[in-house]
Amino acid sequence: MLDLKFIRENVEKVKEAVKNKNEKTDVELILSLDEKRRSLLSEANELKHQRNVVTEKIAQMKKAKQDAKEEIERMRKVSDQIDSLDKELKEVEEKIASLLLTVPNVPHSSVPIGFDEDLNVVVKTWGEVPKFDFEPRPHWELGQILGILDLPKAAKVTGTGFLVLTGKGAKLQRALINFMLDLHSNKQGYKEILPPFMANRQSMTGTGQLPKLEEDMYLCEKDDLFLIPTAEVPVTNLHRDEVLKAEELPIYYTAYTACFRREAGAYGKDTRGMIRVHQFDKVELVKFVKPETSYEELESLVKDAEEVFQLLKLPYRVRVLCTGDLSFAAAKCYDIEAWAAGVGKYLEVSSCSNFEDFQARRMGIRFRPKEGGKLQYVHTLNGSGVALPRTMIALLENYQTKQGTIIVPEALRTYMGGLEEIK
RNA sequence: GGAGAGAUGUCCGAGUUGGUUUAAGGAGCACGCCCGGAGAGCGUGUAGGGCUUGAAAACCCUCCUGGGUUCGAAUCCCAGUCUCUCCGCCA
């Protein structure tokens with residue numbers, strides 16, 4: 001959420017952000033409501049002041065055993081006026097508040113302007129794309145040959161868009177999760193969190209999934225709880241409505257969770273195998289930082305996620321998202337995309353974003369600067385470190401052999417009981 | 001699910017016969033003094049938001065949330081949320 005005052009003072013900037021992000025919020029409407037709000041406010045203020053003054057006078061008179069009937073009668077009328085002004089004010093404020101939730105964050109000046117993902121810019125490529133002297137198989141074939149991925153059984157249990165890992169496949173995924181969590185928590189200094197996989201409306205609004213993305217999430221109606229689409233939700237909300245100490249910052253968290261997405265509207269896209277599924281595992285990175293450091297923190301966040309692929313020796317590239325592809329709440333975002341030899345394309349495995357104070361304002365996460373002065377909103381960042389199914393895809397497809405077996409990357413072997421090859 | 005207790009500022013914690021209590025006291029933090037250094041000690045300051053403004057003052061709002069009673073509510077009434085204790089149920 002943007003500051004109403006900021007919108008008032010940066011109308012053009014905000015309108016441009018709305019346009020460049022392909023949103024359609026009526027900024028002018030917000031401004032006119034804001035004007036109305038302020039005039040109602042000053043009117044009500046004046047009456048309230050009057051009431052406060054006379055009320056005290058009444059108290060004095062009562063103490064002195066004087067008759068205050070006349071004043072009381074007068075204030076009764078004033079109170080009625082205040083009531084009706086307050087009611088009107090409340091309506092206006094509610095309208096503003098709900099409109100404010102539909103204003104997207106303003107992209108950082110370094111973000112390329114563009115309509116959609118075709119205008120994202122590759123800023124880095126790492127590793128050699130493997131060459132095979134045979135036709136590399138896609139992961140669903142490898143999974144079936146090796147008996148580690150069973151899509152028909154998943155369809156039986158749940159329906160399309162789910163997967164069942166079995167045997168070495170399940171073990172490989174668990175190894176990856178442990179490997180990532182250990183990397184982030186032991187080496188990179190993130191505190192490990194195991195949060196709920198469900199979250200309430202307030203949390204979803206805090207991180208910005210609501211109100212816009214309600215249709216993309218699974219809702220348990222009886223309890224009005226959502227299955228989380230990412231660990232970002234529960235982990236960032238950990239500090240909702242808190243004032244953090246300056247010396248606590250920066251705070252780094254890492255969390256493994258399952259993630260649930262309805263993928264409404266994505267039908268027909270990446271339906272094969274496990275590229276796009278309704279439930280997947282992910283290890284997430286979340287940061288709470290001081291505003292002046294958030295862009296350095298974004299760079300280091302990306303590096304921390306990249307290290308996963310470097311240690312696994314999986315080739316990848318990093319793209320900076322253009323305005324049109326940037327999510328609603330983000331000011332800047334890098335995608336990490338791993339090369340998958342079997343399907344022959346780069347797959348998005350991590351999205352690392354700086355939200356600046358956009359989420360913090362919604363959630364009320366502030367800190368007291370050491371130098372004194374007013375409370376400030378923290379900046380929040382998060383990124384996948386990283387998403388499991390697509391990393392599995394990259395691993396299986398890049399490490400496959402002609403015989404259809406999989407060489408286990410060295411970094412994972414201790415997590416696989418020393419296993420060197422899945423066959 | 002049943003019974004009870006509670007929710008106050010950055011934190012802890014007073015205040016519930018309605019009326020200079022936005023709120024005592026303590027901790028923390030900031031500044032200053034003291035000190036060979038560290039520590040301790042002493043003094044001063046310190047809620048958030050809105051509105052206004054060059055900046056401020058003034059003013060308004062906020063004692064979990066939302067309603068209500070009243071000239072006036074942290075204090076009274078109703079509903080809800082959360083926390084704790086006990087009982088029941090259960091992985």
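Here is how names work: the chains are called A, B, and so on, in the same order as the sequence lines, proteins then strands, and each is numbered from 1. Only a predicted model underlies this, so the values are computations on that prediction, with no experimental measurement involved.
Among the heavy atoms of the strands, none lies under 4.0 Å from R240(A). At a threshold of 4.0 angstrom between heavy atoms, the contacts of S79(A) are confined to the sugar-phosphate backbone, with no base atom among them. Here R366(A) lies in heavy-atom contact (under 4.0 Å) with sugar-phosphate atoms only.
Within the structure, a side-chain polar atom (N or O) of K90(A) is placed less than 4.0 Å from OP1 or OP2 of G67(B). Side-chain N/O atoms of R38(A) include one lying less than 4.0 angstrom from OP1 or OP2 on U52(B). Distances shorter than 4.0 Å separate none of the side-chain N or O atoms of R8(A) from OP1 or OP2 on G50(B).
Nearest to the side chain of T55(A), among G49(B), C61(B), G72(B), sits G72(B). When each of C71(B), C60(B), U52(B) is scored by its nearest atom to the side-chain atoms of I58(A), the top-ranked nucleotide is C71(B). Distance from the side chain of L375(A) is smallest to G48(B) among G48(B), C71(B), C51(B). Distances from the side chain of R368(A) to the nucleotides U10(B), G19(B), U52(B) place U10(B) closest. Residue L41(A) has its side chain nearest to C51(B) when only C60(B), C51(B), C61(B) are considered.
Annotation: U21(B) and G9(B) have their C1' atoms spaced 13 Å apart (nearest Å). C61(B) and A73(B): their P atoms are spaced 9 Å apart (whole Å).
A salt bridge links K15(A) with E28(A); the closest basic N to acidic carboxylate O contact falls under 4.0 Å. A salt bridge is absent between R137(A) and E397(A): the closest approach of a Lys/Arg side-chain nitrogen to an acidic carboxylate oxygen does not fall below 4.0 angstrom.
Remark: RNA chain B forms stems of 3 or more consecutive Watson-Crick or G-U wobble pairs, all pair distances under 3.5 Å, at B:1-7 with B:81-87, B:10-12 with B:25-27, B:28-33 with B:41-46, B:47-50 with B:59-62, B:64-68 with B:76-80.
Counting heavy atoms of neighbouring residues, nucleotides and ligands inside a 6.0 Å radius, atom CD of E70(A) does not exceed 12 of them.
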